[in-house]
Amino acid sequence: MALRNVAIIAHVDHGKTTLVDELFKQSGTFRENQRVEERAMDSGDLEKERGITILAKCTSVIWNNGGDGDDIRINIVDTPGHADFGAEVERILSMVDGVILLVDAAEGPMPQTKFVTGKALALGLKPIVVVNKIDRGDARPAEVLDEVFELFMALDASDEQLDFPHLFASGRGGFANEDPSIHEGTLEPLFKLIRDHVPEPGLDVDAKFSMLATLLDRDNFLGRILTGRIESGRLRTGMPIRAIDVDGNVVESGRATKVFAFDGLDRVPVEEAKAGDIVAIAGLTTATVSNTIADPEVTQPIYAAPIDPPTLSMT
Ligand code: GDP
């Protein structure tokens, strides 16, 4: 199945959760009788109940490609909007091949998302811009699009990045169009932009398995769970793995007792996953974020963004 890995960047309340829910609904990922009110990306109660926060971070939608061809799995990774998560943001952005910048059509781009947007641009990711909530009475879609362009200019975006594809949408209304005066339709145009503008991860499936651990979660039953995108090779359940730190020191050796892919709201156990897939691994007990999880023969860590040094205040 074709694959796209994309991060979504939005200021709080600009409608990320609603939009992702709607993408689920329209992709057919939910069975008809399933309740969609259990919101995909900030299903707080559900998370507490299961003792995990993974669901808040990575969600997966299978889109039928508009009936045009093979199904496409779209992994959508939630990105903290705030600069406080500097190193985490870099690791998350290293998992994806594109970003969706979601901006409220009345409020415009907010200073808090500038840092993450700047990081995404600096990493060479080509943004897809979605001006959202165009159904608001006070929406000013064309102006907000100009503001996004100016922000990208200020962040030294390349010509190609400045030529970003964009849509005017209402996540709540379930539509996205090129023309801001059209207030109906579906999110099909957004699915198509993701298909056409986010590159397929081009990774070596025949090399030894390696993955940069990007997110750490705890599960009441399974213990420590490390999530990341497989950089190379294949990971099979039960396979021996090893964690090495950024200097190549061995942190831990063990086995991948469980391997999960993401399917809608759920983590689904899989027998095997391959380069490009975003997976969650159980089985290690001390390995952590920024470690390279790999075949025991791998000695070279995957580049991980350095942890930002603490800010020292002068007194
Ligand atoms: P998040 O914080 O970015 O995840 O935003 P939410 O999806 O939780 O939405 C924040 C608020 O905006 C909620 O009250 C939503 O009902 C509302 N909202 C979301 N999408 C739309 C939209 O397309 N139009 C309007 N008018 N409101 C929306």
Side-chain angles (χ1 to χ4, degrees), residues 6-27 29-30 35-48 52-61 74-85 88-89 92-93 96 98-117 120 127-145 147-148 151 166-191 193-194 215 262 264-265:
V6 65
I8 186 161
I9 303 173
H11 185 62
V12 61
D13 271 354
H14 281 197
K16 185 161 62 175
T17 312
T18 307
L19 181 75
V20 173
D21 282 350
E22 202 54 36
L23 283 167
F24 276 132
K25 269 203 237 170
Q26 294 194 18
S27 73
T29 298
F30 283 93
R35 289 168 23 146
V36 183
E37 304 98 80
E38 288 176 339
R39 310 202 316 167
M41 296 194 72
D42 69 357
S43 47
D45 293 340
L46 194 71
E47 274 167 39
K48 279 187 209 117
I52 53 177
T53 55
I54 263 183
L55 298 178
K57 299 287 178 66
C58 178
T59 44
S60 187
V61 175
I74 302 171
N75 288 320
I76 305 171
V77 187
D78 193 3
T79 319
H82 204 274
D84 284 355
F85 301 99
E88 187 180 1
V89 164
I92 288 173
L93 292 175
V96 298
V99 289
I100 298 170
L101 178 64
L102 185 68
V103 183
D104 183 302
E107 288 190 4
M110 300 298 273
Q112 291 89 334
T113 55
K114 206 166 142 179
F115 173 83
V116 184
T117 307
I128 293 169
V129 173
V130 176
V131 177
N132 192 33
K133 303 198 191 181
I134 59 160
D135 58 293
R136 276 180 68 151
D138 54 353
R140 40 185 196 92
E143 256 174 74
V144 164
L145 189 68
E147 289 170 13
V148 172
L151 173 69
H166 60 270
L167 291 169
F168 298 97
S170 167
R172 191 194 270 170
F175 61 81
N177 299 294
E178 282 174 33
D179 180 344
S181 66
I182 301 174
H183 284 205
E184 58 186 18
T186 67
L187 293 175
E188 190 94 342
L190 179 54
F191 280 118
L193 283 191
I194 295 170
L215 303 164
F262 293 87
L265 286 171

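As the structure lists them, so they are numbered: ligands from 1, and atoms in each ligand from 1.
- Using modelled atom types, no side-chain atom of Asn177 and backbone atom of Asp179 make a donor-acceptor pair closer than 3.5 Å.
- His11 is not listed as a side-chain neighbour of Asp104, based on a closest heavy-atom distance of 4.5 Å or more.
- Residues that satisfy the side chain to side chain contact (heavy atoms under 4.5 Å, CB included) test with Ala169, not counting sequence neighbours, are Val130, Asn132, Ala176.
- Side chain of Gln26 to main chain of Leu187: a donor-acceptor pair is present (N/O by atom type, distance under 3.5 Å, no hydrogens or angles).
- Near Asp13, meaning under 4.0 Å from any of its heavy atoms, are these atoms of ligand 1: 1 (P), 2 (O), 3 (O), 5 (O), 10 (C), 12 (O).
- Short contacts between ligand 1 and Arg136, defined as distances under 4.0 Å to a heavy atom of the residue, involve ligand atoms 26 (N).
- Between atom 11 (C) of ligand 1 and the options Lys16, His11, Lys133, Glu22, the minimum heavy-atom separation is to Lys133.
- With atom 6 (P) of ligand 1 as the reference point, the heavy atom nearest to it among Val12, Val20, Thr18 is part of Thr18.
- For ligand 1, the polar-atom distance check finds an N/O of Thr17 within less than 3.5 Å of one of the ligand's N/O atoms.
- The residue among Ser170, Gly174, Gly173, Gly137 with a heavy atom at the shortest distance from atom 23 (O) of ligand 1 is Ser170.
- Among residues two or more places apart in sequence or in another chain, the salt bridge (Lys or Arg N to Asp or Glu O under 4.0 Å) test is passed with Glu188 by none.
- Both the backbone and the side chain of Arg172 come within 4.0 Å of ligand 1, counting heavy atoms alone.
- Applying side-chain contact (heavy atoms from CB on, under 4.5 Å) to Phe168 and the options Val129, Ile182, Val144, Leu145 leaves one that passes, Leu145.
- Residue Gly171 places a heavy atom under 4.0 Å from ligand 1.
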